[in-house]
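Here the structure is a predicted model, which is why all the values come from computation and not from measurement. Sequential numbering from 1 along the given sequence is applied to the chain's residues.
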Amino acid sequence: MPPTLASLVHHSALKLTVRAGGDRLDVPVRWAHVSELADPVPYMQGGELLLITALKLDAEDPEAMRRYVKRLAGAGVVGLGFAVGVNYEEIPGALVDAAREEGLPLLEVPRRTPFLAISKAVSAAIAADQYRSVTAGFAAQRELTRQALNAGPEGLLGALAAQVDGWVALYDASGAVVAAAPEWAGRRAARLTAEVERLRDRPAPASSVVGGPGHEDRVELHSLGTGRRPRAALAVGTATALGTAERYALHSAIALLTLTTERSRSLHAAEQRLGAAVLRMLLAGEPDHARAVAGDLYGALLDAPFRMVVAESASSSAARVHADAHARMTAARPSPAAVPAPADTGGDSLGSLAEAVESAAARAGEAVLVVPERGRLVVLAADGGAAAGACTEYAAALEAARAAEGAERAAGEEGELVVGLSAPAGPITAAAAYRQAEQALSVARRRGRVCVEHEQLAAGSVLPLLADDAVRAFADGLLRDLYEHDATGRGDLVASLRAWLSRHGQWDAAAADLGVHRHTLRYRMRRVEEILGRSLDDPDVRMELWLALKATTTE
């Protein structure tokens, strides 16, 4: 405990006497300061015991003393020490009355007690308190370290809660509570998710204070990790501000948790490289080798149906197009099985998705394989598990946010995330699942969607895919001569071709639809063949013409 006015009054060598404010002696004293200025307030910081002899004060003037004492109290001075036997044989009544009215403790200092003795006593008490705090801090550090080694982060949190006489909670990168001490603190900590998310957006290390006077507790939030984005966060809730010893304990806990976090990051990178190797083997058609390498880390994923997820952002998509073009030019385009080593995810949207998936898997205690590859993110998650659910929920939240903003923009614009999910698969069909996820990703980009599952493609129609600009350009080029012919008023070849193809080449039915004689329709179809230079007897030609007609009418 820091020195207080009470401890100074009880100091046998000082012989101080309380003349006013005896009910406020428990106030801590930050320093003892001597000043004979008529107005020492500009030089006060608060918490001082001011020592005077009233050399320049009219201590017998009641109004002057009221103004003097009121300014001292307003500046945070905690007590006034008056030396008797110097300028006044006893403390003037005007000063005593002013101190009583203001509630400012007034101490009488006998002549034989020099101010220096009081200053030394305060300084020694402060030094002793700091020594006790440092000693207690080192003891707390040893206990926290022991708990961290023996019981992990959960044990460390329990020890820290006891040290600060409050509660503590640990959050993961997504802002979810992963551990708390005592157990009841988990519910209270969960209410601070928004504050933790705001802290996560600031470069580490970062901290903030929530609550305080008027709230149920005062909570300090601290980010953990040394990278650009915090890997976790720590909350410490107490009834009052932390003291020196508690602050030492908190800093020790932050250091230990940061070490744990950075160690976890290294392990995570190693696991990610192992996951990339497992994925390469699966896509290369070597499930047995993949299972052997996966071991206990990813083996559970290969024992049940899983989903393959491929995600990319707009910037990654553009970079991928350039890379693929270069690969084609050098005749060295990689196959889907050639997944390279882990790399940066290439965008905050991909990083956020990875955090959401990994956090959900960690909370559920299930395995998930997350591999950044060529600016994409490839995820292998258990079908129906928490990780797969987090992926679809994250995409659904982005879709809802875009709809709420009323932004009429297609997925694939700068900053947008696009996700494709395969159907449930197993180790033997992993390569097919990867292709399914890529196909779903491509459709999501074309349709302006955030996420598309492969099952939705089979349940839907191929016609929406014709909305691609390249398909429309092909259709316009193929049918241009027919449209130009019809524009001259010499016939209606496009409508006739559409009717004939829709009736599968049945002349009578198509002619009836058009309201013309079948010989007229035969003549028009010969003109179509002459203008296009193609035979309608060729089923491939019929297919291309039909798709071209559909593409030119697809909204």
Side-chain angles (χ1 to χ4, degrees), residues 283 305-325 333-337 339 345-347 349-350 353 357 371 373-381 383 388-403 407-425 429-475 543-544 546-555:
L283 299 186
F306 56 75
R307 294 281 190 124
M308 192 80 74
V309 181
V310 177
E312 68 179 22
S313 63
S315 55
S316 330
S317 178
R320 190 180 182 87
V321 168
H322 290 301
D324 286 347
R333 181 177 181 180
S335 67
V339 179
T345 53
S349 57
L350 293 179
L353 175 62
V357 169
V371 181
E373 63 102 5
R374 296 180 62 210
R376 286 182 169 185
L377 192 70
V378 181
V379 178
L380 195 127
D383 180 39
C391 183
T392 55
E393 289 172 7
Y394 186 88
L398 287 182
E399 196 88 61
R402 184 196 302 171
E408 297 179 356
R409 55 184 181 178
E413 291 186 6
E414 189 66 29
E416 288 288 352
L417 183 72
V418 190
V419 182
L421 280 79
S422 75
T429 57
Y434 186 90
R435 288 192 296 272
Q436 289 177 357
E438 280 196 315
Q439 291 165 0
L441 177 76
S442 177
V443 172
R445 192 184 302 110
R446 293 169 188 264
R447 294 182 180 179
R449 297 276 302 281
V450 175
C451 178
V452 167
E453 299 186 33
H454 190 267
E455 291 97 324
Q456 297 172 348
L457 304 183
S461 169
V462 74
L463 296 181
L465 303 180
L466 302 180
D468 184 83
D469 290 340
V471 176
R472 285 177 171 171
F474 168 78
M543 177 192 68
E544 290 180 357
W546 180 249
L547 291 179
L549 289 169
K550 300 299 290 186
T552 55
T553 58
T554 300
E555 296 294 334

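Of the possible polar contacts, none joining the Arg307 side chain to the Ala381 backbone as a donor-acceptor pair under 3.5 Å is found. In this structure a side-chain-to-backbone donor-acceptor pair under 3.5 Å is missing from Ser422 to Ala437. Listed for the Gln436 side chain is a donor-acceptor partner under 3.5 Å among the backbone atoms of Ala423.
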Worked verdict on Val379 versus Cys391 for side chain to side chain contact (heavy atoms under 4.5 Å, CB included): CA-CA 9 Å; Val379 178; Cys391 183; 6.0 Å; no

Residues Val378, Val309; criterion side chain to side chain contact (heavy atoms under 4.5 Å, CB included); working and verdict: CA-CA 6 Å; Val378 181; Val309 181; over 6 Å; no

Side chain to side chain contact (heavy atoms under 4.5 Å, CB included) assessment of Val452 paired with Leu441: CA-CA 7 Å; Val452 167; Leu441 177 76; over 6 Å; no

CA sep, side-chain torsions, deciding dist, call: Ser313, Val418, side chain to side chain contact (heavy atoms under 4.5 Å, CB included): CA-CA 6 Å; Ser313 63; Val418 190; over 6 Å; no

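Annotation for Val450 and Leu417: closest pair CG1-O, 3.6 Å, computed over non-hydrogen atoms. Scanning both residues, Met308 and Leu283, for their nearest heavy atoms gives CE-CD2, 4.1 Å.
Interatomic distance, Cys451 SG to Glu393 CD, rounded to the nearest 0.5 Å: 11.5 Å. Summarising the geometry, atom CD belonging to Glu438 is positioned 4.5 Å from atom CZ belonging to Arg376; distances are rounded to the nearest 0.5 Å. Between the CG atom of Leu380 and the CZ atom of Phe306 there is a distance of 4.5 Å, given to the nearest 0.5 Å.
Within the 4.5 Å cutoff, side-chain heavy atoms of Thr392 are placed close to those of Leu421.
Among residues two or more places apart in sequence or in another chain, the side-chain hydrogen bond (donor to acceptor under 3.5 Å, both in side chains) test is passed with Thr429 by none. In this structure Glu544 satisfies the side-chain hydrogen bond (donor to acceptor under 3.5 Å, both in side chains) test together with Arg534, sequence neighbours excluded. Applying the salt bridge (charged side-chain N to carboxylate O under 4.0 Å, His left out) criterion to Glu399, with sequence neighbours excluded, gives Arg402, Arg449.
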